[in-house]
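The structure appears below as C-alpha cells.
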Amino acid sequence: MKEMLKEVQEAKVGGRMRRVYVRPFAWGLKNPSHMEWTPDGRLLVSEHTAGTVRDISKGGDASEAKPLAYNLQGPAAIRPTEDGKVLVVETWGGAIADIAGGGDATKLPKLTENLKGPYTLAVLNPGKKGETLFVSESSSSFMTSPV
C-alpha cells in the first residue's frame, strides 16, 4: 500500500495546481471504512469486513494492533459523544453499539437495534440539551451481510 503512493503529488486546489505531500499513516487494515478522533485524542478506524474497531493513533502497521472492539457486525461510522460513549454503527447487525468499554461487542451495550442497513451517523447540537442523533439506513446489497 505505502509503495503505491508518491510522496509528492500534483492536485488542483482552489483552481490552481499545487504540490500536495502525501504519506501513509497506517496500513495493514482490512477494509477500513470510517475514522474518527475521540475527545481523549485516539484515532479510531472501523474495519468493515473484519468486524473490528482499532486505535491507530500511533500509525504504522495496524495489522498486529489489538482491536479496541471485536465481533462487530459490519462496523461503519464511529461517533464519540460528550458523555463518554463511543458509538459504532453495525451495518449487518442493524444496531448502534457503545464500544467505549472495548472488548467483545456481543457483550457491549446497544443504543438501538432493528435498523435496516445503518451506515452513517451525524449529530445536531452535540453536547447540548436537545442533541439529536441521525443515522442513515440503506437496503443496497453492499449493506447486506456476506454469505
Side-chain angles (χ1 to χ4, degrees), residues 1-13 19-128 131-147:
M1 160 66 181
K2 61 183 180 175
E3 293 81 25
M4 293 172 39
L5 295 174
K6 295 178 185 175
E7 188 167 322
V8 179
Q9 298 181 9
E10 296 288 324
K12 195 170 191 174
V13 178
R19 283 186 176 186
V20 177
Y21 294 87
V22 178
R23 237 183 12 192
F25 178 73
W27 52 90
L29 296 161
K30 296 177 184 171
N31 196 18
S33 63
H34 292 77
M35 291 190 302
E36 188 65 57
W37 290 101
T38 62
D40 62 359
R42 294 177 296 160
L43 180 58
L44 304 180
V45 62
S46 58
E47 293 181 287
H48 198 68
T49 58
T52 59
V53 171
R54 292 185 192 272
D55 178 347
I56 61 166
S57 304
K58 294 180 182 177
D61 186 356
S63 64
E64 298 299 318
K66 181 181 175 185
L68 170 66
Y70 54 91
N71 287 333
L72 291 155
Q73 297 181 46
I78 303 167
R79 180 66 192 192
T81 65
E82 298 289 327
D83 61 358
K85 292 181 176 99
V86 178
L87 304 179
V88 174
V89 170
E90 290 187 87
T91 302
W92 303 329
I96 300 174
D98 177 7
I99 64 162
D104 184 347
T106 63
K107 299 175 182 171
L108 297 175
K110 305 286 186 199
L111 181 69
T112 188
E113 297 181 271
N114 301 316
L115 299 171
K116 304 286 185 219
Y119 192 65
T120 59
L121 291 173
V123 176
L124 179 64
N125 299 319
K128 298 178 183 170
E131 176 180 82
T132 305
L133 180 67
F134 293 87
V135 60
S136 67
E137 292 181 299
S138 176
S139 59
S140 77
S141 61
F142 171 73
M143 299 299 167
T144 57
S145 181
V147 178

Inset, instruction - Could you pull out the closest heavy-atom pair between Glu90 and Gln73, with the gap in Å? - result: OE1-N, 2.9 Å
Legend entry - 4.5 Å side-chain heavy-atom contact, Val88 and Ile96: no
Inset, instruction - Rounded to the nearest 0.5 Å, what's the gap from CG on Asn31 to CD on Glu47? Could you check? - result: 8.5 Å
Legend entry - Atom pair CH2 (Trp37) and OG (Ser57), whose distance is rounded to the nearest 0.5 Å: 6.0 Å
Inset, instruction - Say whether, by atom type as modelled, one donor and one acceptor occur between the side chain of Thr91 and the main chain of Pro75 under 3.5 angstrom. - result: no
Inset, instruction - Rounded to the nearest 0.5 Å, what's the gap from CZ on Phe134 to CG on Leu124? Could you check? - result: 5.0 Å
Legend entry - Test item: Ser46 side-chain N/O and Ala76 main-chain N/O as donor-acceptor pair under 3.5 Å: yes
Inset, instruction - Report yes or no: does Asn71 contribute a side-chain atom to a donor-acceptor pair with the main-chain N or O of Asp104 at less than 3.5 Å? - result: no
Inset, instruction - Look up atom CG in Leu44 and atom OG1 in Thr52, then write down how far apart they are to the nearest 0.5 Å. - result: 11.0 Å
Legend entry - Rounded distance [0.5 Å steps], OG1 in Thr112 versus NZ in Lys110: 11.0 Å
Legend entry - Side-chain touch Asp98/Leu111, heavy atoms, less than 4.5 angstrom: no
Inset, instruction - Answer yes or no: is there a side-chain heavy-atom contact under 4.5 Å between Thr132 and Val123? - result: no
Inset, instruction - Using atom types as modelled and distance alone, determine if a side-chain donor or acceptor of Glu137 lies under 3.5 Å from a backbone N or O of Lys116. - result: yes
Inset, instruction - Keeping the roles fixed (side chain from Gln9, backbone from Val20), state whether a donor-acceptor pair exists under 3.5 Å. - result: no
Inset, instruction - Determine whether Val45 and Leu29 make a side-chain contact, defined as any pair of heavy atoms from C-beta on separated by less than 4.5 Å. - result: yes
Inset, instruction - Taking the side chain as every heavy atom from C-beta outward, state whether Ile56 and Arg42 have any atom pair closer than 4.5 Å. - result: no
Legend entry - Over 12 foreign heavy atoms within 6.0 Å of CD, Glu64: no
Legend entry - Sub-4.5 Å side-chain heavy-atom contact between Tyr119 and Ser136: yes
Inset, instruction - Any chance you could measure Trp92, atom CH2, to Leu72, atom CG, to the nearest 0.5 Å? - result: 11.0 Å
Legend entry - More than 12 heavy atoms from other groups under 6.0 Å of CG on Asp83: yes
Legend entry - Short N-O contact, Arg79 and Glu36, less than 4.0 angstrom: no
